[in-house]
2 protein chains.
Amino acid sequence: MLSNSSKYAIKGVLYLALNSDEDHKIMVRDIFEVVHVPEAYLAKLLQELSRHNIISSTRGPKGGFYLSAEDRKRTLMDIVRTIDGEKRVKSCVLGIQDCDMDNPCVLHKLVGANKSKFIKVLENTTILDLIEGKQEIKQFFPF
Amino acid sequence: MLSNSSKYAIKGVLYLALNSDEDHKIMVRDIFEVVHVPEAYLAKLLQELSRHNIISSTRGPKGGFYLSAEDRKRTLMDIVRTIDGEKRVKSCVLGIQDCDMDNPCVLHKLVGANKSKFIKVLENTTILDLIEGKQEIKQFFPF
DNA sequence: CATAAAAAGGATAAAAATGTCTTTTAATCT
DNA sequence: AGATTAAAAGACATTTTTATCCTTTTTATG
Ligand code: FES
Ligand code: FES
């Protein structure tokens with residue numbers, strides 16, 4: 001479905017969405033325990049996202065990662081695409097081709113619709129969507 | 001979603017479903033090219049399935065892999081469970097816990113239903129279901 | 001300007017998934 | 001019985017994913 005790395009990245013971004021903004025940047029050191037991701041690994045993933053302008057960061061004292069207002073409009077697919085590549089999530093249940101109607105596999109009729117829906121959720125759900133209502137942090141990272 | 005190995009295994013079993021029975025056993029050598037899976041690797045996967053009584057096999061001359069009538073009633077989940085383990089396919093989109101209502105993650109509301117449906121398809125679809133109508137082999141393995 | 005803080009980057013390591021090869025076991029046929 | 005055939009089993013190799021470590025660069029601040 002999604003790679004571990006993508007899951008980690010999403011969790012990291014969610015934490016930033018709940019706790020950061022331009023004036024309150026956050027160090028990896030303060031995130032990794034809450035989201036249960038190894039510190040150095042999470043750093044790598046956030047750097048990758050920052051490099052692709054999915055999230056924001058500044059170096060130096062008082063620096064850290066954060067989400068700008070624009071960043072919050074990013075979708076889950078933006079994250080997944082950056083970390084896993086789009087191919088991975090869109091590939092057919094039985095192989096590596098893109099899953100399309102033109103050349104469907106035997107299972108497509110059974111699972112294709114589900115898969116499309118899942119992808120649509122990734123594409124249409126923004127970070128903002130996920131945190132509206134600002135629920136408890138605990139609720140976001142129960143594992 | 002599913003591991004490569006599971007995909008391979010499903011393709012192998014589908015081939016057996018279309019071409020084998022107790023009286024017509026099939027060697028890996030005659031399958032691997034059609035389903036585009038490395039010979040030795042496919043062999044290993046089929047052995048694993050056989051060991052778990054998901055498919056059947058006999059050694060020696062005239063031996064090979066085949067599906068008994070019983071085997072054809074196996075579900076896709078039987079294959080996936082044997083190769084990947086059930087945990088992998090049932091795990092939460094954001095983590096490794098089982099995906100359940102009691103302790104849902106932020107994304108569960110959005111994708112949980114889809115995932116459940118997908119799993120139900122795996123659990124409820126038998127090999128027999130997939131090959132009824134006995135379509136062209138080409139149609140089954142377009143990749 | 002010096003210093004310290006923080007991300008960025010590169011090199012390496014460990015683990016898991018994928019893939020190959022060789023030997024052993026069992027069935028069939030002569 | 002002996003030779004042959006094919007799966008079973010397991011050792012070995014490669015690749016990808018996951019994870020760590022260490023150095024460099026950038027930046028805020030005293
Ligand atoms: S083509 Fe295989 S799932 Fe769509
Ligand atoms: S608990 Fe995360 S998807 Fe169901």
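Reckoned from all heavy atoms, side chains included, excluding hydrogens, waters and symmetry mates. Residue numbers begin at 1 in each chain, while the letters A, B, ... track the order of the sequences.
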Original post:
Quick one: CG on B:Leu130 to CD1 on B:Ile10, what's the gap to the nearest 0.5 Å?
Top reply: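 The CD1 atom of B:Ile10 is 8.5 Å from CG of B:Leu130, to the nearest 0.5 Å.
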**OP:** Would you mind classifying the nucleic acid contact of A:Ile26 as base, sugar-phosphate or nothing, using non-hydrogen atoms under 4.0 angstrom?
**Re:**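 Result for A:Ile26 = sugar-phosphate.
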**OP:** Give one of base, sugar-phosphate or nothing for A:Gly63, where a contact means two heavy atoms less than 4.0 Å apart.
**Re:**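 Sugar-phosphate contact only.
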On the nucleotide [N], are OP1 or OP2 found under 4.0 Å from the side-chain N or O atoms that [X] carries?
X	N	result
B:Thr58	C:dA26	no
A:Tyr8	D:dA19	yes
B:Arg59	D:dT5	no
A:Arg51	C:dA7	no
B:Ser50	D:dA7	no

Atom-to-atom span, [atom1] of [X] to [atom2] of [N] - whole angstrom:
X	N	atom1	atom2	result
A:His36	D:dT18	NE2	P	19 Å
B:Lys44	D:dA11	NZ	P	10 Å
B:Phe32	D:dA6	CZ	P	14 Å
B:Leu49	D:dA7	CG	C1'	14 Å
A:Gln47	D:dT20	CD	C1'	13 Å

Subject >> A:Ser5 and A:Tyr41: side chain donor to acceptor below 3.5 Å >> reply: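 On atom types as modelled, these side chains qualify, holding a pair under 3.5 Å.
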Original post:
More 5' along DNA chain D: A:Lys62 or A:Glu39, using each one's nearest nucleotide?
Top reply: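 Taking each residue's closest nucleotide, the earlier one in sequence belongs to A:Glu39.
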**OP:** Check the hydrophobic clustering (I, L, V, M, F, W, Y; side-chain heavy atoms under 4.5 Å; chains of links allowed) and say if A:Val34 and A:Val13 are grouped together.
**Re:**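 A:Val34 and A:Val13: one cluster.
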Original post:
Is a side-chain N or O of B:Lys25 found less than 3.5 angstrom from the main chain of B:Ser56, in a donor-acceptor match?
Top reply: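 Absent.
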Original post:
Choosing from C:dT20, D:dA7, C:dA7, which nucleotide comes nearest the side chain of A:Met27?
Top reply: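 Between C:dT20, D:dA7, C:dA7, the one nearest the side chain of A:Met27 would be C:dA7.
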**OP:** Could you check which of C:dG9, D:dA8, D:dT18 has an atom nearest any side-chain atom of A:Ser5?
**Re:**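 Of all the options, the side chain of A:Ser5 is nearest to D:dT18.
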Original post:
Step by step, would you call A:Lys7 with B:Cys105 a side chain to side chain contact (heavy atoms under 4.5 Å, CB included)?
Top reply: CA-CA 12 Å; A:Lys7 295 174 183 181; B:Cys105 72; over 6 Å; no
